[in-house]
Amino acid sequence: FDLVIAGWRPPPHGRDGDEGILGLFALAEKGIMLDPSDMKYPRDETSEDAREERIAAASSAAEAMSALSSLSSKGFLPVSTVTSISSSLCRLLAAADSSISNVYDTDLFPLNPASYAEEKDLLEEQGAFIAQREFSLKDTAELMWTMMAHFSSMSTTAESLLNVISRLTSLGMNKKMMAVPDDSKLDKLSDLSFENHAFSACGAIRALGASLWGNPPQVKGIPSHRIYWHRFLRLLAETSASLHDWSSCDSSPLERPTTSSNSFSSSRRSVSSSVDSRGIDCFKTVPRLSPLSEYKPVSLVLVL
């Protein structure tokens, strides 16, 4: 971050600039996610070395993300890195949100004090970790916003976010049509892929929603993004439809058996004859949500 303050910027074109920016983002992403595969110690380890590793990772992430946010606000991100970073930011923002991922800061920095005095010291360490993490997440959101708002990256970023949502819709449809019930390993891989795409789509929906709606009067939307309204709303509808259970549908009142009077039967035939078969099929095929217990929190965010 000190380099950025001093005026450093990556080369706008070429491998060196791309690798420098992507390297900073990878460092920030690992420090925020704290994936067990990237850490020396398991997530439930409470030793001093494990705590120091997590604090160091959070501090490095805060520095790296702050530098990226500063560069983006000046339009200094190489154009070739915008698509990759924006799509990864979607998943990062959603996965770091405890209301979506159900993972809290305290879960990432577990404590096991042996005494009251030790507990006080450990809580200070945990507070330092959480503070660094909050700095990282603040700059992560700032990075996403500046990429959407700056003229040098806004169109590429918006297109990238729309593609993230579109991929989830396609994956959701394919998951229903190409289930692999006899191969649990493939099924687990499919579930993991779907979950990763769902996290990314959550972040994309929130980011694009903020750029279009804003949060008046504190935050105004980005006027230039108004051209994406139609595509965004269409993708929202498709995403919601892909998460519905279409295998069992409620019948419309026109299609339910009835023992009412002949006058009702006559009117029913009249209505049916005035609508083509496609219209009747669309009317009687009302999508119904599966039981809420079958949905993961991330899916419910998308449905709502």
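Just so you know, residue 1 is the first one in the sequence shown, and it goes up from there.
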Would you mind reporting whether [Y] and [X] have side-chain heavy atoms less than 4.5 Å apart?
X	Y	result
Leu68	Ile21	yes
Ile100	Phe199	yes
Ile55	Gln132	no
Arg54	Glu45	yes
Tyr228	Leu161	no
Asp38	Met33	no
Glu159	Arg231	yes
Met154	Ser224	yes

Given 3.5 Å as the limit, does a donor-acceptor pair link the side chain of [X] with the main chain of [Y], or not?
X	Y	result
Glu53	Lys40	yes
Ser211	Leu208	yes
Gln126	Phe109	yes
Ser73	Ser70	yes
Asp139	Ser136	no
Thr146	Leu143	yes
Ser153	Met147	yes
His225	Ala149	no

Item checked: CA sep, side-chain torsions, deciding dist, call: Glu134, Lys138, salt bridge (Lys or Arg N to Asp or Glu O under 4.0 Å) -> CA-CA 6 Å; Glu134 288 177 348; Lys138 178 179 179 295; over 6 Å; no
Above 12 or not: heavy atoms from other molecules or residues under 6.0 Å from CZ of Arg234?
yes
Is Phe135 atom CZ crowded by more than 12 heavy atoms from other residues, nucleotides or ligands, each under 6.0 Å away?
no
With rounding to the nearest 0.5 angstrom, report the [atom1] to [atom2] distance, [X] to [Y].
X	Y	atom1	atom2	result
Leu137	Ile130	CG	CD1	11.5 Å
Glu142	Ser66	CD	OG	10.0 Å
His150	Ser155	NE2	OG	12.5 Å
Ser166	Leu235	OG	CG	5.5 Å
Thr140	Glu29	OG1	CD	9.5 Å
Ser200	Ile165	OG	CD1	10.5 Å

Report yes or no: do [X] and [Y] belong to one cluster of Ile/Leu/Val/Met/Phe/Trp/Tyr joined by side chain heavy-atom distances under 4.5 Å?
X	Y	answer
Tyr41	Leu111	no
Leu24	Leu34	no
Val79	Leu71	no
Val103	Phe129	yes
Phe151	Ile222	no

So which heavy atom on [X] is nearest to which on [Y], and how close?
X	Y	answer
Pro110	Arg43	CG-O, 3.3 Å
Met144	Ala207	CG-CB, 4.0 Å
Leu108	Ile32	CD1-O, 4.5 Å
Ala201	Val164	N-CG1, 3.7 Å
Glu118	Pro113	OE1-C, 3.7 Å
Gly209	Phe232	N-CZ, 3.9 Å

- Any ion pair linking Arg51 and Glu125 (charged N to carboxylate O, less than 4.0 Å)? yes
Report, one line per pair, each donor and acceptor closer than 3.5 Å where one atom sits in a side chain of residues 85-96; sequence neighbours left out.
unit_1: Ser86; atom_1: OG; unit_2: Val82; atom_2: O; d: 2.8
unit_1: Ser86; atom_1: OG; unit_2: Thr83; atom_2: O; d: 3.0
unit_1: Ser86; atom_1: OG; unit_2: Ser160; atom_2: OG; d: 2.9
unit_1: Ser87; atom_1: OG; unit_2: Thr83; atom_2: O; d: 3.0
unit_1: Ser87; atom_1: OG; unit_2: Ser84; atom_2: O; d: 3.0
unit_1: Ser88; atom_1: OG; unit_2: Ser84; atom_2: O; d: 3.0
unit_1: Arg91; atom_1: NH2; unit_2: Asn196; atom_2: OD1; d: 3.4

*asked:* Just by distance, no angles: are the side chains of Asp49 and Ser47 close enough, under 3.5 Å, to form a donor-acceptor pair?
replied: no
### Message
We want to know whether Ser80 and Asp18 form a side-chain donor-acceptor pair, criterion being a heavy-atom distance below 3.5 angstrom.
### Response
yes
Decide yes or no on salt bridge (Lys or Arg N to Asp or Glu O under 4.0 Å) for Arg206 and Asp97, but give the supporting numbers first.
-> CA-CA 12 Å; Arg206 286 190 169 188; Asp97 187 338; 2.4 Å; yes
